[in-house]
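Each chain gets a letter, A, B and so on, in the order the sequences are listed, and its residues count up from 1.
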Amino acid sequence: MLRFGVTPNAFTYPFALKSCAVLSLPFPGSQIHCHVIKTGCELEPFVVTSLISLYCKCALLDSARKVFDESSKVMKLTVCYNALISGYVLNSRVIDAVLLFGKMGEVGVERNAVTMLGLLPICLVPGFLWLGMCLHCLCVKMGLDFALSVANCLVTMYVKCGSVEYGRKLFNGMPEKGLITWNAMISGYAQNGLATHVLELYKEMESFGVCPDAVTFVGHKIEKQIEVNGFDSNPFLNNALINMYARCGHLKRARAIFDAMPLKSVVSWTAIIGGYGMHGQGDVAVELFDEMIKSGVRPDGTAFVSVLSACSHAGLTDKGSDYFASMKKQYGLQPGPEHYSCMVDLLGRAGRLNEARELIQSTQIEPDGAVWGALLGACKIHRNVELAELAFERVIRLEPTNIGYYVLLSNIYSDAGNLEGVMRIRVMMKERKLKKDPGCSYVELKGIVHLFLAGDKSHHQTAEIYRMLDELENLVEELRGSTNIDNKSNNEYLNGMGVHSEKLAIAFGLLNTSPGTDIVVMKNLRICGDCHLFIKLVSKIVDRQFVVRDATRFHHFKSGLCSCKDYW
DNA sequence: ATAGGGTTAG
């Protein structure tokens with residue numbers, strides 16, 4: 001246009017500027033700014049607003065502010081304020097945003113729904129519930145709380161701040177709901193781990209005749225419907241599907257989806273790497289991580305978490321240490337507590353307990369419960385009572401109600417024959433009114449879920465199941481004697497609670513499936529050493545493969561071996 | 001004719 005000698009005017013600039021904003025291109029943007037001044041359009045409200053938005057999107061807040069301040073000669077419109085406020089918010093300059101919002105009130109510029117929408121994302125992180133509620137009150141006063149877009153944002157704010165019930169209340173009270181409203185609430189349940197609520201609300205949405213879009217399916221197991229709806233090329237969905245299939249034990253399907261993706265983002269790589277790590281295939285996880293780097297995708301903090309945890313569970317200690325070092329050196333990433341907990345786990349499993357402890361003490365960042373918890377777990381494996389006591393003392397300061405750590409220390413004492421220690425922990429748990437979650441396992445058979453609790457006798461095949469278990473226990477006992485494996489039950493805490501739920505599920509699976517098929521068992525807690533050994537031996541005796549998914553990962557049992565040594 | 005905003009992933 002310029003080459004042709006045609007001069008742009010106030011109508012041209014907003015289009016051009018918006019394109020630069022979308023692409024985050026500050027250089028052509030500032031060139032256009034020069035033209036704006038040359039042609040005397042710098043006071044046109046539409047142009048001013050476009051410029052502010054452009055600079056904000058390129059994180060050049062000072063330039064945006066300059067444009068804003070210089071436009072003060074003309075009447076500043078709500079839209080100018082809105083653009084700059086949202087720019088401040090998106091660049092985490094909360095105070096500037098709030099001050100500007102206040103100034104609107106002083107100067108008497110009208111605030112509208114978009115103003116609130118620009119400001120609300122401040123509160124889309126935990127810890128900002130108080131501010132979010134203030135803004136909600138303001139919206140009510142302004143009569144904007146039922147404007148669909150504002151209400152959508154408020155629902156999101158509540159669920160992201162951990163106040164799901166309040167989000168739902170608001171959701172229920174909305175006279176008009178859009179697709180985004182349903183999606184916001186459904187994903188809110190998903191983010192808070194309320195899977196059954198997700199499915200219920202999804203059904204409700206369908207019954208209301210709301211047609212789902214690509215966003216709705218994130219976190220769902222409805223791949224076919226995704227295809228039918230033509231969303232199978234959506235990267236968000238594919239990333240969620242990779243994660244879902246990996247978590248459900250269908251690693252091959254996860255891999256197929258990953259391989260078919262034309263553009264793999266760091267999220268896609270992280271999902272598949274995490275999947276292999278979860279299944280104990282650390283070698284593949286490491287290969288994929290290196291491949292990712294070769295393909296030019298830059299790892300971020302989460303990608304490192306997935307590869308470090310894969311290394312620790314596969315015993316790749318040196319490899320993991322190298323990655324940890326490269327985080328800072330090559331990628332300038334500051335390791336957070338989540339990385340330190342992986343490293344403590346990695347060193348701890350390898351028996352390098354002192355190094356793990358020194359690593360914790362040497363870090364600048366504040367270790368969280370998981371870091372000390374990893375050390376405690378390593379103490380369990382390597383039977384180090386002294387260090388366990390230290391780790392326990394720290395970990396319960398940070399997570400006083402996490403029952404798992406009490407049980408862990410109690411089992412450490414029990415292994416060491418320290419009954420006094422066991423009693424002390426039990427008293428502690430009683431005093432603090434902490435109760436162990438009941439363990440449960442389930443097997444899915446022809447679309448029906450069969451659930452077992454420890455010592456369960458409610459299943460209609462109970463008699464056969466216990467008969468089968470009796471037989472297996474006898475055979476296992478023989479094998480144990482001949483292989484001279486330490487068969488001491490290390491889950492003393494469970495004594496008196498009857499047969500472990502995973503054993504019941506295994507026996508049920510053997511009774512109801514044909515030879516040659518894998519038996520997949522899901523468990524809510526972590527598998528204990530006793531059951532782990534039991535299942536290992538059973539897999540040898542009956543020549544079947546078992547897959548047990550416990551609270552943290554998958555255990556593939558085959559011919560008396562297991563891919564994963566991570567149990568307690 | 002032209003400007004500002006909200007939901008979704010590892």
**OP:** Identify whether any heavy atom of Phe15(A) sits under 4.0 Å from a base atom; if not, whether one sits that close to sugar-phosphate; answer base, sugar-phosphate or nothing.
**Re:** sugar-phosphate
**OP:** Could you check whether Leu124(A) gets within reach of a base, just the sugar-phosphate, or nothing at all, counting any heavy atom under 4.0 Å?
**Re:** sugar-phosphate
**OP:** State which residues pass ring-ring contact (aromatic ring centres under 6.0 Å, His included) with Phe128(A); sequence neighbours excluded, sorted by chain then number.
**Re:** none
**OP:** From the options dG6(B), dA3(B), dT8(B), select the nucleotide whose nearest atom is closest to the side chain of Val79(A).
**Re:** dA3(B)
Original post:
Which residues, if any, of residues 109-121 of chain A bring a heavy atom under 4.0 Å of DNA chain B?
Top reply: Asn112(A), Val114(A), Leu117(A)
Original post:
If you measure from the ring centre of Phe11(A) to the centre of the six-membered ring in the base of dT2(B), is it under 5.5 Å, with the planes under 30° apart?
Top reply: no
**OP:** Give a yes or no on whether a salt bridge exists between Asp290(A) and Lys294(A), defined as a side-chain N under 4.0 angstrom from a carboxylate O.
**Re:** no
Original post:
Within the pair Lys57(A) and dA3(B), is there a side-chain N or O less than 4.0 Å away from OP1 or OP2?
Top reply: no
Subject >> Partners passing side chain to side chain contact (heavy atoms under 4.5 Å, CB included) against Pro367(A) (at least two apart in sequence or in another chain) >> reply: Ile360(A), Val371(A), Trp372(A)
Original post:
At under 4.0 Å between heavy atoms, what does Val266(A) touch on the DNA or RNA strands: base, sugar-phosphate, or nothing?
Top reply: base
**OP:** Select base, sugar-phosphate, or nothing to describe what Asn152(A) touches, counting heavy atoms under 4.0 Å on all strands.
**Re:** base
Original post:
Can you list the residues that meet the side chain to side chain contact (heavy atoms under 4.5 Å, CB included) rule with Glu338(A), with sequence neighbours excluded?
Top reply: Val305(A)
Subject >> Qualifying side-chain hydrogen bond (donor to acceptor under 3.5 Å, both in side chains) pairs, either residue in residues 4-15 of chain A, two or more places apart >> reply: Asn9(A)-Thr12(A), Tyr13(A)-Thr39(A)
Subject >> Qualifying ring-ring contact (aromatic ring centres under 6.0 Å, His included) pairs, either residue in residues 132-166 of chain A, two or more places apart >> reply: His136(A)-Tyr158(A), Tyr158(A)-Tyr166(A)
**OP:** Using a 4.0 Å heavy-atom cut-off across all strands, classify Ser86(A) as base, sugar-phosphate, or nothing.
**Re:** sugar-phosphate
Original post:
Does the base of dG10(B) carry an N or O that pairs as donor and acceptor with the side chain of Thr270(A) under 3.5 Å?
Top reply: yes
**OP:** Name the nucleic acid region contacted by Thr156(A), choosing base, sugar-phosphate or nothing; use a 4.0 angstrom heavy-atom cut-off, strictly under.
**Re:** sugar-phosphate
Original post:
Within the structure shown, what part of the strands sits under 4.0 Å from Ala10(A) by heavy-atom distance: base, sugar-phosphate, or nothing?
Top reply: base
